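Notes to accompany the following structure.
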Protein chains: 2
Amino acid sequence: MQESRDRYKAMVDKLKEHNHKLTPQRLAIIRILSESKEHPSVEDISRRLQRDFPGVSEATVYRNVLLIKSLGEVLEIGFAGESTHYDGRKPHPHPHIVCIKCRKIIDPDLQSLKEMVEEITEESGFEVVTYRLDFFGICPGCRTMNA
Amino acid sequence: MQESRDRYKAMVDKLKEHNHKLTPQRLAIIRILSESKEHPSVEDISRRLQRDFPGVSEATVYRNVLLIKSLGEVLEIGFAGESTHYDGRKPHPHPHIVCIKCRKIIDPDLQSLKEMVEEITEESGFEVVTYRLDFFGICPGCRTMNA
DNA sequence: CTTTCTGCAAAAATTTTGCACGGAC
DNA sequence: GTCCGTGCAAAATTTTTGCAGAAAG
């Protein structure tokens, strides 16, 4: 998919730009991040890596994901009680709407987000740097199914 | 504060209702949860507990927080890269603003949240059941410190 | 050839669990 | 007296770090 290739290239370019070496392991991790839509954990990435790099160290995956995150090319998604997940396809914060029945995820374009950030700045004096915004509910399809 | 006492009572009642025993340790953990505005971690709770219960086990805190969570009386707040925090004062979902410097967490009252839920319902047809909404930024104090 | 990167293993940090004793009811 | 809860220690997870050798540029 074109999108995956674009993300792959963007990540490689960012690495080059910051004079990081392009090791095969690193490139393989980037490939997995750019192709995975399911927000893989370090363990997921490591497991998929074994195919091409048997014996690759999990520490290497941690180090590289951390590096890529520091370059702003992957979004970290932490849930309580489980290991951290990563989104390398859309590295910038964005809201999600998740259907709790069919697990479908959509990325809405919320006009009210900008307004909300303004409200926060005004009310609390915080300078908003980033956010995470996930709504969980029942999608139209699932609502009609068991109405 | 009245609010703290109400929360304390609500948690105790819920325990009684489900036939859980009211041990001193358990009551002390509930007291801390009901009084803490800063969303303490298990470690935080455990440290504060030492005052009244020297030698209290961290495992006991874990077990009790888990129990109280299963009764719906505490909100679990997980962030990537650090231990899970808990809010016993507002056990239902609500937005957070987290300072990325001093880690302070505040609970804003956002008028625009209702509007955002409406926007989601209108635009996507989702029936919003729950959410998690966390903004990360720099609080006024930390902004002035290194301005 | 220099510097970074990797693998390994150990250490940290966080959370869970088994078991015997003790305390709430 | 009966269970449930606690303390302790060990185990299980998840993530970080030190170091020596390997490899990218």
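Source: prediction; values computed, not measured. The chains referred to below are lettered A, B, ... by the order of the sequence lines, with proteins before strands, and numbering in each begins at 1.
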Across the strands shown, which category fits N19(A) at heavy-atom distances under 4.0 angstrom: base, sugar-phosphate, nothing?
->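 The answer is nothing, as N19(A) stays clear of every strand by at least 4.0 Å.
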
Taking [atom1] from [X] and [atom2] from [N], how many angstroms apart are they, rounded to a whole number?
| X | N | atom1 | atom2 | answer |
| --- | --- | --- | --- | --- |
| H18(A) | dT4(C) | NE2 | C1' | 16 Å |
| K16(B) | dA24(C) | NZ | P | 15 Å |
| N64(B) | dG5(D) | CG | P | 8 Å |

Salt bridge check, [Y] against [X]: does any charged N sit closer than 4.0 Å to a carboxylate O?
| X | Y | value |
| --- | --- | --- |
| R89(A) | E3(A) | yes |
| E73(B) | K69(B) | no |
| D13(A) | K9(A) | yes |

Does a donor on one side chain sit under 3.5 Å from an acceptor on the other, for R47(B) and Q50(B)?
->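 No, Q50(B) and R47(B) have no side-chain donor paired with an acceptor closer than 3.5 Å.
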
Taking atom types as modelled, is there a side-chain donor on S36(A) or R48(A) under 3.5 Å from an acceptor on the other?
->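 Result is yes, a qualifying pair exists.
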
Phosphate OP1/OP2 of dT15(C) contacted by T84(B) side-chain N/O (<4.0 Å) = yes

How long is the gap from CD1 on I100(A) to CZ on F136(A), to the nearest 0.5 Å?
->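 I100(A) atom CD1 to F136(A) atom CZ measures 9.5 Å (nearest 0.5 Å).
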
Any chance you could measure S34(A), atom OG, to M11(A), atom CE, to the nearest 0.5 Å?
->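 It comes to 5.0 Å.
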
Side chains of I106(B) and S124(A): does their closest heavy-atom pair fall under 4.5 Å?
->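 A side-chain contact under 4.5 Å exists here.
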
Name the residue closer to the 5' end of DNA chain D, choosing between T60(B) and G81(B) according to the nucleotide with the nearest heavy atom.
->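 Going by which nucleotide is closer to the 5' end, it is T60(B).
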
Which residues, if any, of residues 25-55 of chain A bring a heavy atom under 4.0 Å of DNA chain D?
->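 Output list: empty, so none.
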
Identify each donor-acceptor pair in which a side-chain atom of residues 112-120 of chain B lies under 3.5 Å from a protein atom, sequence neighbours left out, and give them as a table.
| residue | atom | partner | partner atom | Å |
| --- | --- | --- | --- | --- |
| S112(B) | OG | E119(A) | OE1 | 2.5 |
| K114(B) | NZ | E118(B) | OE2 | 3.2 |
| E119(B) | OE1 | Q111(A) | N | 3.4 |
| E119(B) | OE1 | S112(A) | N | 3.0 |
| E119(B) | OE1 | S112(A) | OG | 2.4 |
| E119(B) | OE2 | Q111(A) | N | 2.7 |

Provide a list of protein-nucleic acid N or O atom pairs under 3.5 angstrom, restricted to nucleotides 16-21 of chain C.
| residue | atom | partner | partner atom | Å |
| --- | --- | --- | --- | --- |
| dG18(C) | O6 | R63(B) | NH1 | 3.3 |

Partners of D87(A) by side chain to side chain donor-acceptor pair (under 3.5 Å), sequence neighbours excluded?
->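 D87(A): no side chain to side chain donor-acceptor pair (under 3.5 Å) contacts found.
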
Nucleotide N/O to protein N/O under 3.5 Å, stretch nucleotides 23-25 of chain D:
| residue | atom | partner | partner atom | Å |
| --- | --- | --- | --- | --- |
| dA24(D) | N3 | K21(A) | NZ | 2.9 |
| dG25(D) | OP1 | L22(A) | N | 3.1 |

Residue pairs, two or more places apart or on separate chains, that pass side-chain hydrogen bond (donor to acceptor under 3.5 Å, both in side chains) and touch residues 17-29 of chain B | R26(B)-N64(B)

